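Below is one structure, written out as structure tokens, with a few remarks after it.
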Amino acid sequence: MASIYSCAECGTNLNLNTVHLYPVDFYFEAGNKGTVSFSAVQDATKFRFEKEDKFRPFFETIDYWGIQRNRTKIKCNCCGRLVGHVYDDGPPLTDSPGQYHFGPSQVIPRAPRYRFKIKALRISSET
């Protein structure tokens, strides 16, 4: 059964397709607690994307999300509420074992992951 994902603030249908939904137990370096993650967004016009360029060592921040990890804010285009972030920790885009064969790392290009906060969404089932 498909679900309809709407903005909790203004009720706009965000047009997110459950076909692109990652399983809840899928491992991500940036975590997945209290969120739902998609491999793609169907209609990018429903969102406003804002680059975040905060590079901090892990010991300078309580909310650690990576030392040189880029993320992009996802905001509802209708009301401007922050609904999630785009991370670069999706599945690897190549079968490479990583730099010096140490396994997956930031050196391997990864697919984007669209991570939405459950509290920022109104999830209803399709009738």
Side-chain angles (χ1 to χ4, degrees):
M1 177 171 19
S3 297
I4 299 171
Y5 297 88
S6 306
C7 176
E9 187 80 21
C10 65
T12 301
N13 183 353
L14 300 175
N15 210 13
L16 296 170
N17 194 331
T18 50
V19 171
H20 303 295
L21 186 64
Y22 282 109
V24 243
D25 58 348
F26 201 92
Y27 173 77
F28 295 106
E29 290 175 16
N32 209 22
K33 188 177 178 185
T35 62
V36 287
S37 295
F38 293 84
S39 60
V41 290
Q42 226 170 308
D43 186 1
T45 62
K46 300 278 185 180
F47 307 103
R48 201 166 47 233
F49 298 97
E50 295 177 9
K51 280 276 192 201
E52 256 190 349
D53 292 324
K54 290 194 281 185
F55 298 118
R56 296 180 183 165
F58 66 92
F59 53 83
E60 285 185 11
T61 175
I62 295 169
D63 188 23
Y64 167 66
W65 52 272
I67 299 173
Q68 291 182 345
R69 171 153 311 174
N70 296 322
R71 72 177 183 178
T72 303
K73 289 181 180 179
I74 307 172
K75 293 186 174 183
C76 173
N77 207 16
C78 198
C79 67
R81 179 182 178 149
L82 178 68
V83 291
H85 293 90
V86 181
Y87 288 91
D88 61 352
D89 67 348
L93 295 172
T94 174
D95 289 334
S96 170
Q99 189 176 28
Y100 308 116
H101 298 277
F102 287 139
S105 69
Q106 291 303 112
V107 177
I108 296 175
R110 294 180 165 276
R113 171 174 65 118
Y114 300 85
R115 179 182 177 190
F116 292 89
K117 299 175 181 185
I118 291 174
K119 289 181 180 178
L121 300 175
R122 186 178 305 131
I123 304 170
S124 55
S125 53
E126 208 170 73
T127 53

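Since the structure is predicted, the reported quantities are computational estimates derived from the model, not experimental observations.
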query: How long is the span from the CG atom in Asp43 to the CG atom in Asn17, to the nearest 0.5 Å?
result: 11.5 Å
Linked, directly or transitively: Tyr22 and Ile74 (ILVMFWY side chains, under 4.5 Å): no
- request: Looking only at non-hydrogen atoms, find the nearest pair between Pro112 and Val86 and report the distance.
  value: CB-CG1, 3.9 Å
query: Under a 4.5 Å side-chain heavy-atom rule over Ile, Leu, Val, Met, Phe, Trp and Tyr, are Tyr114 and Ile118 clustered together?
result: yes
task: Kindly indicate whether the side chain of His85, heavy atoms from C-beta on, has any atom under 4.5 Å from the side chain of Glu52.
output: yes
query: How many angstroms lie between atom CD of Gln42 and atom NE2 of His20, to the nearest 0.5 angstrom?
result: 5.5 Å
query: Which value, rounded to the nearest 0.5 Å, describes the distance between Arg48 atom CZ and Thr72 atom OG1?
result: 14.0 Å
query: Parallel, tilted or perpendicular for Phe116 and Phe47, by the 30°/60° rule?
result: tilted
Using distance only, find each side-chain donor-acceptor pair of residues 5-15 under 3.5 Å and give its atom names and separation, not counting sequence neighbours.
{"from": "Glu9", "atom 1": "OE1", "to": "Arg81", "atom 2": "NH1", "distance (Å)": "3.3"}
{"from": "Asn13", "atom 1": "OD1", "to": "Asn15", "atom 2": "N", "distance (Å)": "2.9"}

task: Give a yes or no on whether Val41 and Ile123 share a hydrophobic cluster (residues Ile, Leu, Val, Met, Phe, Trp, Tyr; joining criterion: side-chain heavy atoms under 4.5 Å apart).
output: yes
message: Grouping I, L, V, M, F, W and Y whenever their side-chain heavy atoms are under 4.5 Å apart, do Phe26 and Val36 come out in a common cluster?
response: no
query: Got Lys46 and Asn77 here, is their nearest side-chain heavy-atom distance under 4.5 Å?
result: no
Same cluster (ILVMFWY, side-chain, under 4.5 Å), Phe49 and Leu16: yes
query: So how far is it from Arg115 CZ to Lys117 NZ, rounded to the nearest 0.5 Å?
result: 9.0 Å
